[in-house]
Engineer: 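I have a structure I would like to understand better, so I am pasting it below and will then ask my questions one at a time.
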Amino acid sequence: MEYNFKQIENKWRETWIRQKTYKIDIDASRPKFYVLDMFPYPSGAGLHVGHPLGYIASDIYSRFKRLNGFNVLHPMGYDAYGLPAEQYAIQTGQHPAITTEKNIARYREQLDKIGFSYDWDREVKTCEPSYYKWTQWAFIQMFNHYYCNKSQKALPIAQLEQHFAAHGTQGIDTACTEELCFTADDWAVYDLKKRQDVLLNYRIAYLADTMVNWCSTLGTVLANDEVKDGLSVRGGHPVEQRVMRQWSLRVSAYAERLLNGLDQVDWSDSLKEVQRNWIGRSQGAEMTFKVKDSDVEMVIFTTRADTVYGVTFMVLAPESELVAQLTTPAQQQAVNDYIVETKKRTERERLAEVKKVTGVFSGAYAINPLTNEEIPVWISDYVLAGYGTGAIMAVPAHDSRDFAFARQFGLPIRQVVVPVGETPSDPQTWDESRDSKEGIMVNSGPINGLSVKEAIRQTAAHITQTGIGRVKTNYRLRDAIFSRQRYWGEPFPVYYKDDMPYMLDESQLPLTLPEIDKYLPTENGEPPLGRAKNWATADGYPLELNTMPGFAGSSAYYLRYMDPKNDGALVSPEANAYWQDVDLYIGGTEHATGHLIYSRFWNKFLFDIGLIVKDEPFKKLINQGMIQGRSNFVYRIKGSNTFVSLRLKDQYDTTPIHVDVNMVQNDVLDLERFKAWNPEYANAEFILEDGKYVCGWAVEKMSKSMFNVVNPDDIVDQYGADTLRLYEMFLGPLEQSKPWDTNGIDGVHKFLRKTWRLIHDREDNLSVSADAPTAEELKILHKTIRKITDDIERFAFNTSVSAFMIAVNELTSLKCNKRDIVSPLVVLLAPFAPHICEEMWQLMGNSGSVCDAQWPIADEQYLVENSFEYPVSFNGKTRFKLTLPLDLSSGDIEKAALAHEESQKWLEGKQVKKIVVVPGRIINVVVG
RNA sequence: GCCCGGAUGGUGGAAUUGGUAGACACGCAGGACUUAAAAUCCUGUGGCCAUUGCGGCCGUGCGGGUUCAAUUCCCGCUCCGGGUACCA
């Protein structure tokens, strides 16, 4: 009996639980280290082999840090609220809590088999009242705060009320939904309802009529990151724009801090770039255009104030409030028709028809504040209501959309920027707008001849002085819509009195999710909570019917892990002061614009109100690559039940058919299992090559329909958890996407067997020697210590596995079974393959768990080389090798190389022009 | 369109600062042990040419460049993957 992974792994799984090996607590005597995995949504499909990739990497790092003396917080939990469980509830009537609990149990079972060092006593589930109490609590805090731009932080709303009572809106600079202007006297006469209404304009969690992404199939609104190409990310259902009264979080108030914070964190440049683009800071100017024969003013945002002399028309978004104010009676009908038309088109159609230019003239004319020119105001859906002011000044010569619009409707085009070295040309002859990033201003009155950069500066100064406009920074980042018309989410701690929202008292938290009879909207279109009985406060005020979105519960879970059982606070000051922030966060890129923005926002807010000590939650972040599926195919001869092997298939007319990858090994099909797979194939016949049926393959998404889902449990059953862990790492660099291909797994399994045999004889009897190691053995060990330590710090786990293989191969050929060599090697391997290492550690007579061993330190004295095998190259081509002492001078190396008999062949008839000697590296002789 | 990655044997990949390209492993081929199989072990394995022996040429997506020396740096392309998009 050789390496019995089943027995070993079972033994240690039980022992670790019994001895609470992974339980941790605050320990002031040791430095902390916090390693976090993005917690999973427990789906009905269970874990596939791609999920644990990041978990294994973070587990290796956690164990490595622990071995280096750190007190490591490494928790796991579940993002338990979500649409799939609710959709399933709608179809089957099964309560989503039951489905979720069942899925969690399955996930837990799968996770437990892989040997993670999680402290399960800290597990959180976002759907548990003891957890979402603090989601609700944070929401109340957001309601009770506003964002002050001057101090760049959240402040209590009571302070704002005091300011209103004393000075009205005079002198405030806050984030708000719309700029309000009133005096202290006005405030004094406002009734309670009016005051509440005004305050909603400033609260960080606020209720407002906003343009939302409405998904009628899901029956709910969605946040921007939950919509892609006009379809819901979950389910791919159409999404349309609609104005609805919804809760929102004023994330946009934090745009600048979210952007600046990126400079302090150790994340990949590409991820930071995605966040920067999503935040979308653009610096420009807001400018006011008067409207002819009207007291209406149009405010527009532009990054190119310099091109104001090239403006030949204005465009309003169809949803803009100004449309109704500006449209002349003569154009009323046409404008109405156009607006009806654009409303009918869904967001998706608008995106699909980017090239199609539509619009209508409002009948009004604006006056260019710099030239006093009268220019027509148009309405078109290429201008977005949600960005800037919903109105633009069109410069068709230098903007492709404005250009297309001008061409479509015969509007004038005027060039105002000419690239250096070119002359102005007639825009009538152009096919497209001209680039204006750099150049010299023309047709622009006083700024003619200036560079673009200088012209922007001067124009901005001019409009600020004259009061025409002001310098302004705009962000693409919008507030997060926080209401969902769904059941399976956190209830809002909100009730309504006189149509105004009020927060429950903290003592009433958690407000638990009520039972309902059906998981569908009510007959009159209210969200599912409208079905709940007695859904009201003790005084009879109705409670909020919406629930919170998916990202609510995941925005502060990393804080809760620090102090998961605390009923008096989200996290205690002591726990937060000790654990501080996440040192290493591993997860997928798909959360780049959702979770990673929201949780940073949430964290900054909690930082502002003094709950926590860190402004940024995740110090270092690594995105693991996706594990793609690798599908297998068989080839059926058309019209028959005969299947032909891969390399013979071209001789027949065949149809490729997906087969379950679990009955294929090294691309060879298990014929019996295939026949048993489907009654249709019971009598299948095969045309084999070399007695085997070889399948074709392709890289596709891992999904049930492709029959390429590989379950980690199956791998654990067949090879053991240690093999699975090593193999996932061996597959390639952590951050790179790669297909799951079981073809190489035998290699790492063999490696573990060889490792086992280092201290076992042929009969599997333990055989460990206490002899002193030789210099050669010590060199192998210390070279490996250096390599592994270095690799782990760089998250290069794939090369670590190779280094282990090399070490074990070398020790095997030396027949080394010495405790002083194998024991430290086992410590190095323990983070990767904890079960076998724990067993070997014990077998070699060590006390305690290998988890608490001391990480070995590479001793350079064993690694000193005194000679080096120089590659000797001629004109850059390596010709032979020459071993020389390392302390030889460059001159002597040169002489030795030229004197070597092999050199004569390459020197013959040629002249040595130069010799490059890099001691310890290379010798290159240049001849000619 | 824009932004970010990537391209190395039959396959996954290695080469950390410009210094021996292909480590390690899979697969494949041949061999040992065995009645046989499994397991294990040994040898070979980038391509082409030569193969009696030594060996030679080419080669990291393509085309240029810098350098004694380029998978690595620079310029210009091609293809693949991901993100994002009327953002003024």
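What you see is a predicted model, and the numbers here were worked out from it, not measured in a lab.
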Engineer: Can you see whether A:D791 engages A:T799 through a side-chain donor-acceptor pair at a distance of less than 3.5 angstrom?
Structural biologist: yes

Engineer: Taking any heavy-atom pair under 4.0 Å as a contact, classify A:I392: base, sugar-phosphate, or nothing.
Structural biologist: base

Engineer: Between A:D263 and A:R276, does at least one N-O distance fall below 4.0 Å, as a salt bridge requires?
Structural biologist: yes

Engineer: Do A:Y382 and A:D402 have side-chain atoms, one donor and one acceptor, less than 3.5 Å apart?
Structural biologist: yes

Engineer: Assign a letter to each nucleotide of nucleotides 6-18 of chain B from its 5' end: B, base within under 4.0 Å of a protein heavy atom; S, sugar-phosphate only; -, no contact.
Structural biologist: ------BSS-B--

Engineer: Indicate whether the side chain of A:R757 and that of A:T812 have a donor and an acceptor atom separated by less than 3.5 Å.
Structural biologist: no

Engineer: Search all heavy atoms of A:V251 against all heavy atoms of A:A480 and return the closest pair with its distance.
Structural biologist: CG2-CB, 3.8 Å

Engineer: Which whole number of Å gives the distance between the P atom of B:rU16 and that of B:rU20?
Structural biologist: 9 Å

Engineer: Roughly, in whole Å, what's the span from CG in A:N623 to C1' in B:rG81?
Structural biologist: 15 Å

Engineer: Could you give the CE-to-C1' distance, from A:M626 to B:rG5, as a whole number of Å?
Structural biologist: 13 Å

Engineer: Rounded off to whole Å, could you give me the CG-to-P distance for the A:L882 and B:rG19 pair?
Structural biologist: 21 Å

Engineer: OP1 or OP2 of B:rA88 sitting under 4.0 Å from any side-chain N/O of A:S282?
Structural biologist: yes

Engineer: Could you work out, with side chain to side chain contact (heavy atoms under 4.5 Å, CB included) as the rule, every residue matching A:K815, not counting sequence neighbours?
Structural biologist: none

Engineer: How long is the span from the CE atom in A:M729 to the CD1 atom in A:I56, to the nearest 0.5 Å?
Structural biologist: 5.0 Å

Engineer: Does the side chain of A:D399 pick up a donor-acceptor pair with the side chain of A:S433 at under 3.5 Å?
Structural biologist: no

Engineer: Partners of A:T742 by side-chain hydrogen bond (donor to acceptor under 3.5 Å, both in side chains), sequence neighbours excluded?
Structural biologist: A:W740

Engineer: Using the P atom as the reference point in each nucleotide, state the distance between B:rG10 and B:rG6 in Å, no decimals.
Structural biologist: 23 Å

Engineer: Taking side chain to side chain contact (heavy atoms under 4.5 Å, CB included) as the test, write out the residues that go with A:T303, two or more places apart.
Structural biologist: A:S282, A:F301

Engineer: According to the side chain to side chain donor-acceptor pair (under 3.5 Å) rule, which pairs have a member within residues 869-880 of chain A, sequence neighbours left out?
Structural biologist: A:S873-A:N924

Engineer: In whole angstrom, give me the gap between the P atoms of B:rU66 and B:rC75.
Structural biologist: 15 Å

Engineer: Report yes if at least one side-chain N or O of A:R757 is closer than 4.0 Å to OP1 or OP2 of B:rC41; otherwise report no.
Structural biologist: yes

Engineer: A:D746: what forms a side-chain hydrogen bond (donor to acceptor under 3.5 Å, both in side chains) with it, not counting sequence neighbours?
Structural biologist: A:Y719

Engineer: Nearest heavy atom decides the nucleotide; on that basis, is A:V274 or A:S270 closer to the 5' end of RNA chain B?
Structural biologist: A:S270

Engineer: Atom pairs, N/O to N/O, protein against nucleotides 56-61 of chain B, distance under 3.5 Å?
Structural biologist:
residue, atom, partner, partner atom, Å
B:rC57, OP2, A:R879, NH1, 3.1
B:rC58, OP2, A:K877, NZ, 3.2

Engineer: Please determine if a side-chain N or O atom of A:K754 lies less than 4.0 Å away from the OP1 or OP2 oxygen of B:rU40.
Structural biologist: no

Engineer: Hey, can you tell me if A:W378 and A:F409 have their rings parallel, tilted or perpendicular (30° and 60° cut-offs)?
Structural biologist: tilted

Engineer: Convert the base pairs of RNA chain B into dot-bracket notation, remembering that pairs crossing earlier ones are written with [ ] and that bases paired across to another strand are shown as |; include only Watson-Crick or G-U pairs under 3.5 Å.
Structural biologist: (((((((..(((......[....)))((((((.......))))))((((.....))))..(((((..]....))))))))))))....

Engineer: Let me spell it out: for each of A:K881 and A:D269, pick the nucleotide of RNA chain B with the closest heavy atom. Which residue's pick is nearer the 5' end?
Structural biologist: A:D269

Engineer: I need the CZ-C1' distance between A:R401 and B:rC2, as an integer number of Å.
Structural biologist: 13 Å

Engineer: For a quick test of reading the model: is some side-chain N or O of A:Y387 closer than 4.0 Å to OP1 or OP2 of B:rA88?
Structural biologist: yes

Engineer: Taking atom P in both B:rA23 and B:rA38, compute the distance separating them and give it to the nearest angstrom.
Structural biologist: 27 Å

Engineer: Is any side-chain N or O of A:R753 closer than 4.0 Å to OP1 or OP2 of B:rU40?
Structural biologist: yes

Engineer: Can you name the residues that form a side chain to side chain contact (heavy atoms under 4.5 Å, CB included) with A:D741, not counting sequence neighbours?
Structural biologist: A:R630, A:N743

Engineer: Tell me whether B:rG31 sits syn or anti, counting syn as a glycosidic angle within 90° of 0.
Structural biologist: anti

Engineer: Could you label the plane-to-plane angle of the A:F795 and A:F797 rings as parallel, tilted or perpendicular, counting under 30° as parallel and over 60° as perpendicular?
Structural biologist: perpendicular

Engineer: Using the 3.5 Å cut-off, write out each protein N or O paired with an N or O of nucleotides 66-76 of chain B and the distance between them.
Structural biologist:
residue, atom, partner, partner atom, Å
B:rC68, O2', A:N924, ND2, 2.9
B:rC68, O2, A:N924, ND2, 2.8

Engineer: Identify the pairs formed between an N or O of the protein and an N or O of nucleotides 44-50 of chain B at a distance under 3.5 Å, and give each distance.
Structural biologist:
none

Engineer: Hey, are A:E865 and A:K779 close enough for a salt bridge, meaning a charged N less than 4.0 Å from a carboxylate O?
Structural biologist: yes

Engineer: Could you list the residues that satisfy side-chain hydrogen bond (donor to acceptor under 3.5 Å, both in side chains) with A:T723, not counting sequence neighbours?
Structural biologist: A:H749

Engineer: On a whole-Å scale, what distance lies between the C1' atoms belonging to B:rG44 and B:rG22?
Structural biologist: 16 Å

Engineer: Can you tell me if A:T459 and A:D306 form a side-chain donor-acceptor pair at under 3.5 Å?
Structural biologist: no

Engineer: Could you work out the separation of B:rA15 and B:rC68 based on their P atoms and round it to a whole Å?
Structural biologist: 28 Å

Engineer: For atom C1', what is the distance between B:rA25 and B:rU78, given to the nearest Å?
Structural biologist: 32 Å

Engineer: Within the structure, does a side-chain N or O atom of A:T878 lie under 4.0 Å from either OP1 or OP2 of B:rA21?
Structural biologist: yes

